[in-house]
Amino acid sequence: MKRTKDLNFYQIEQWWSETDFKQMERITGFRQYNFDTDEGYQSFADTCDSYWKQLSMEEKISAWEENHSFTLN
């Protein structure tokens with residue numbers, strides 16, 4: 001059974017949009033301190049978003065499962 005049936009694409013994207021910088025660092029491997037502080041680390045957030053967009057749905061589900069506090073039933 002594919003895990004994508006268990007999760008809604010929009011739920012995962014919503015979760016990502018609410019992810020804080022510490023979680024973004026954990027998921028992407030990028031470090032906030034390596035980016036310019038101008039505009040509230042917007043370049044860090046943009047780089048993390050670009051990373052996220054290139055992941056497959058299966059990779060996004062794995063990241064969600066490893067980093068989301070909600071347990072799937």
Side-chain angles (χ1 to χ4, degrees):
M1 179 167 90
K2 289 187 74 128
R3 291 184 296 169
T4 53
K5 290 183 180 180
D6 297 334
L7 292 172
N8 181 311
F9 170 77
Y10 298 103
Q11 288 174 298
I12 292 174
E13 293 300 319
Q14 179 66 33
W15 167 78
W16 175 254
S17 72
E18 296 170 356
T19 300
D20 64 21
F21 282 0
K22 285 188 181 237
Q23 265 190 320
M24 286 181 175
E25 286 183 334
R26 233 182 346 267
I27 293 166
T28 66
F30 299 121
R31 297 293 171 249
Q32 178 184 358
Y33 62 78
N34 289 330
F35 290 83
D36 192 356
T37 60
D38 291 349
E39 299 179 23
Y41 291 102
Q42 188 60 50
S43 59
F44 170 73
D46 291 345
T47 300
C48 290
D49 282 341
S50 292
Y51 171 89
W52 181 256
K53 287 176 184 173
Q54 63 87 28
L55 295 178
S56 70
M57 191 59 181
E58 284 295 314
E59 291 169 318
K60 288 178 180 183
I61 290 170
S62 292
W64 185 87
E65 288 176 336
E66 292 171 12
N67 294 282
H68 191 267
S69 60
F70 179 77
T71 305
L72 289 175
N73 294 327

Could you grab the distance from atom CG of Asp49 to atom CD of Gln42, nearest 0.5 Å is fine? 8.0 Å
How long is the straight-line distance from OG1 of Thr28 back to CG of Leu55, given to the nearest 0.5 Å? 9.5 Å
Please report the shortest heavy-atom distance between Gln23 and Asn67, naming the atom on each side. NE2-O, 2.6 Å
Give, for atom CE of Met57 and atom CD of Glu13, the distance between the pair rounded to the nearest 0.5 Å. 7.0 Å
Phe44 and Met24: side chain to side chain contact (heavy atoms under 4.5 Å, CB included), yes or no, with the steps? CA-CA 9 Å; Phe44 170 73; Met24 286 181 175; 4.0 Å; yes
Ring pair (Phe, Tyr, Trp, His ring centres under 6.0 Å) filter on Trp52, not counting sequence neighbours, yields Trp15, Trp16
What distance do Asp46 atom CG and Tyr41 atom OH have between them, rounded to the nearest 0.5 Å? 14.5 Å
Would you say CD of Gln54 has more than 12 non-hydrogen atoms from neighbouring residues, nucleotides or ligands within 6.0 angstrom? yes
Check the pair Asn8 / Gln14 against side chain to side chain contact (heavy atoms under 4.5 Å, CB included), numbers first and verdict last. CA-CA 10 Å; Asn8 181 311; Gln14 179 66 33; over 6 Å; no
Can you check whether Phe21's main-chain N or O pairs, donor with acceptor, with Gln32's side chain at less than 3.5 Å? no
Is it possible for you to say whether Tyr33 and Ile27 belong to one hydrophobic cluster, with membership spreading through side-chain heavy-atom contacts below 4.5 Å? no
Let me confirm one number: the CZ-OG distance from Phe30 to Ser50, rounded to the nearest 0.5 Å. 8.5 Å
Looking at CZ of Arg26 and CZ of Arg31, how far apart are the two atoms once the value is rounded to the nearest 0.5 Å? 9.5 Å
